[in-house]
Amino acid sequence: QVQLIESGGGLVQAGGSLRLSCAASGRAFSLYGMGWFRQAPGKEREFVAAISGPGRRTAYADSVKGRFAISRDNTENTMFLQMNSLKPEDTAAYYCAADSVALRVPISTVAGNYDHWGQGTQVTVSS
């Protein structure tokens, strides 16, 4: 049983920073790509960032490139999302997800390719 638990969300002013964490358990963490997605009220869930199993490849949505950084620590089965220069439009529930296929190439930016999801952590950016 794969479990993903996010933490680190909160309320921050525009221009501030937050670091999200996703603790994983239940299968060989380093074999699977991981991703962050977000969903704002009234909007569809959207891709934010993804990272390959070994952590050498990453992908970002254009809206967060240069501001967000995804990383992972396979010794601790944890993934991170460092969010800098936050904007009010970054306000959303953020979800971590695990790819359904081990060592997928290229890493996926499609929510349908992720089969395990965390419960979400709220990020609110005030103007």
Side-chain angles (χ1 to χ4, degrees):
Q1 182 87 10
V2 175
Q3 264 199 318
L4 302 175
I5 301 175
E6 303 100 333
S7 60
L11 173 64
V12 64
Q13 286 189 330
S17 298
L18 282 175
R19 190 191 197 206
L20 304 184
S21 299
C22 174
S25 62
R27 68 181 179 189
F29 182 70
S30 64
L31 293 181
Y32 293 84
M34 298 285 293
W36 288 98
F37 293 77
R38 67 187 182 187
Q39 187 167 18
K43 294 189 176 182
E44 293 189 353
R45 188 168 297 192
E46 64 173 0
F47 168 75
V48 176
I51 188 167
S52 64
R56 288 191 285 268
R57 288 173 284 117
T58 59
Y60 294 93
D62 288 343
S63 58
V64 306
K65 275 181 185 174
R67 300 189 298 122
F68 290 11
I70 190 171
S71 61
R72 64 192 294 164
D73 182 346
N74 286 344
T75 66
E76 297 290 335
N77 286 6
T78 305
M79 176 180 65
F80 305 98
L81 185 68
Q82 178 66 43
M83 305 186 295
N84 299 325
S85 302
L86 282 161
K87 305 175 181 179
E89 50 264 44
D90 294 318
T91 294
Y94 283 71
Y95 299 87
C96 71
D99 199 328
S100 61
V101 173
L103 301 175
R104 184 193 300 271
V105 178
I107 51 176
S108 178
T109 63
V110 177
N113 286 335
Y114 291 80
D115 63 349
H116 290 93
W117 293 81
Q119 81 287 353
T121 186
Q122 179 66 34
V123 171
T124 303
V125 184
S126 63
S127 56

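The figures here come from the full heavy-atom set of this structure, side chains too, leaving out hydrogens, waters and symmetry mates. Each residue takes its place number in the sequence, starting with 1. Only a predicted model underlies this, so the values are computations on that prediction, with no experimental measurement involved.
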Colleague: Can you find a pair of side-chain heavy atoms, one from Ile70 and one from Met79, that are under 4.5 Å apart?
Modeller: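 With C-beta onward as the side chain, the pair touches.
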
Colleague: Tell me, with the steps shown, if Arg45 and Trp117 meet side chain to side chain contact (heavy atoms under 4.5 Å, CB included).
Modeller: CA-CA 12 Å; Arg45 188 168 297 192; Trp117 293 81; 3.1 Å; yes

Colleague: For the residue pair Phe47 and Phe37, does the interplanar ring angle fall in the parallel (under 30°), tilted (30 to 60°) or perpendicular (over 60°) class?
Modeller: perpendicular

Colleague: Val2, Leu103: one ILVMFWY side-chain cluster at the under-4.5 Å cut-off?
Modeller: no

Colleague: Roughly how far, to the nearest 0.5 Å, is the CE atom of Met34 from the CG atom of Asn77?
Modeller: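 The distance works out to 9.0 Å.
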
Colleague: Checking Trp36 against Ile51 for the side chain to side chain contact (heavy atoms under 4.5 Å, CB included) test, could you report, in this order, the C-alpha distance in whole Å, the side-chain angles of both residues, the deciding distance, and whether it holds?
Modeller: CA-CA 9 Å; Trp36 288 98; Ile51 188 167; over 6 Å; no

Colleague: Using the side-chain contact (heavy atoms from CB on, under 4.5 Å) definition, which of the options Leu86, Leu20, Asn84 pairs with Phe68?
Modeller: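 Answer after filtering Leu86, Leu20, Asn84: Leu86.
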
Colleague: Is it true that Ser30 and Asn74 share a donor-acceptor pair across their side chains at a distance under 3.5 Å?
Modeller: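 Distance-only check fails for Asn74 and Ser30.
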
Colleague: Between Ala14 and Ser127, which heavy-atom pair has the shortest distance, and what is it?
Modeller: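 Between these two residues, the closest heavy atoms are CB-CA, 4.3 Å.
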
Colleague: Is the backbone of Ser7 close enough, under 3.5 Å, to the side chain of Thr121 for a donor and an acceptor to pair up by distance?
Modeller: no

Colleague: Roughly how far, to the nearest 0.5 Å, is the CE atom of Met83 from the CZ atom of Arg67?
Modeller: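 Between Arg67 CZ and Met83 CE, I get 9.5 Å after rounding to 0.5 Å.
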
Colleague: State plainly whether one hydrophobic cluster holds both Tyr94 and Val125, where clusters connect Ile, Leu, Val, Met, Phe, Trp and Tyr through side-chain heavy atoms under 4.5 angstrom apart.
Modeller: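 Yes, same cluster.
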
Colleague: I need the minimum non-hydrogen distance between His116 and Leu4, along with the two atoms involved.
Modeller: O-CD1, 3.3 Å

Colleague: Please report the shortest heavy-atom distance between Ser108 and Ala50, naming the atom on each side.
Modeller: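 Of all heavy-atom pairs spanning Ser108 and Ala50, the closest is O-CB, 3.6 Å.
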
Colleague: Working to the nearest 0.5 Å, report the span between CG of Leu11 and CD of Gln122.
Modeller: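 With rounding to 0.5 Å, CG (Leu11) is 9.5 Å from CD (Gln122).
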
Colleague: So which heavy atom on Leu18 is nearest to which on Gly8, and how close?
Modeller: CD2-O, 3.8 Å

Colleague: Would you say Gln3 has more than 12 foreign heavy atoms packed within less than 6.0 Å of its CD?
Modeller: no

Colleague: What's the spacing between Tyr60 OH and Leu81 CG if we round to 0.5 Å?
Modeller: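 One finds 7.5 Å between OH of Tyr60 and CG of Leu81.
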
Colleague: Can you name the residues that form a side chain to side chain donor-acceptor pair (under 3.5 Å) with Lys65, not counting sequence neighbours?
Modeller: Asp62

Colleague: Of all the heavy-atom pairs spanning Ser63 and Arg38, show the shortest one and how long it is.
Modeller: OG-NH2, 3.5 Å

Colleague: With Tyr95, which residues qualify under side chain to side chain donor-acceptor pair (under 3.5 Å), at least two apart?
Modeller: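 Partners of Tyr95 by the side chain to side chain donor-acceptor pair (under 3.5 Å) criterion come out as none, since no residue qualifies.
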
Colleague: Between Arg104 and Asp115 (salt bridge meaning N to carboxylate O under 4.0 Å), is one present in this structure?
Modeller: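 No, this pair does not count.
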
Colleague: Compare every heavy atom of Ser85 with every heavy atom of Asp90, then report the nearest pair and how far apart it is.
Modeller: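 Of all heavy-atom pairs spanning Asp90 and Ser85, the closest is OD2-O, 4.4 Å.
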
Colleague: Do any pairs count as a disulfide bond (SG atoms under 2.5 Å apart) and have a residue in residues 69-127, sequence neighbours left out, and if so which ones?
Modeller: Cys22-Cys96

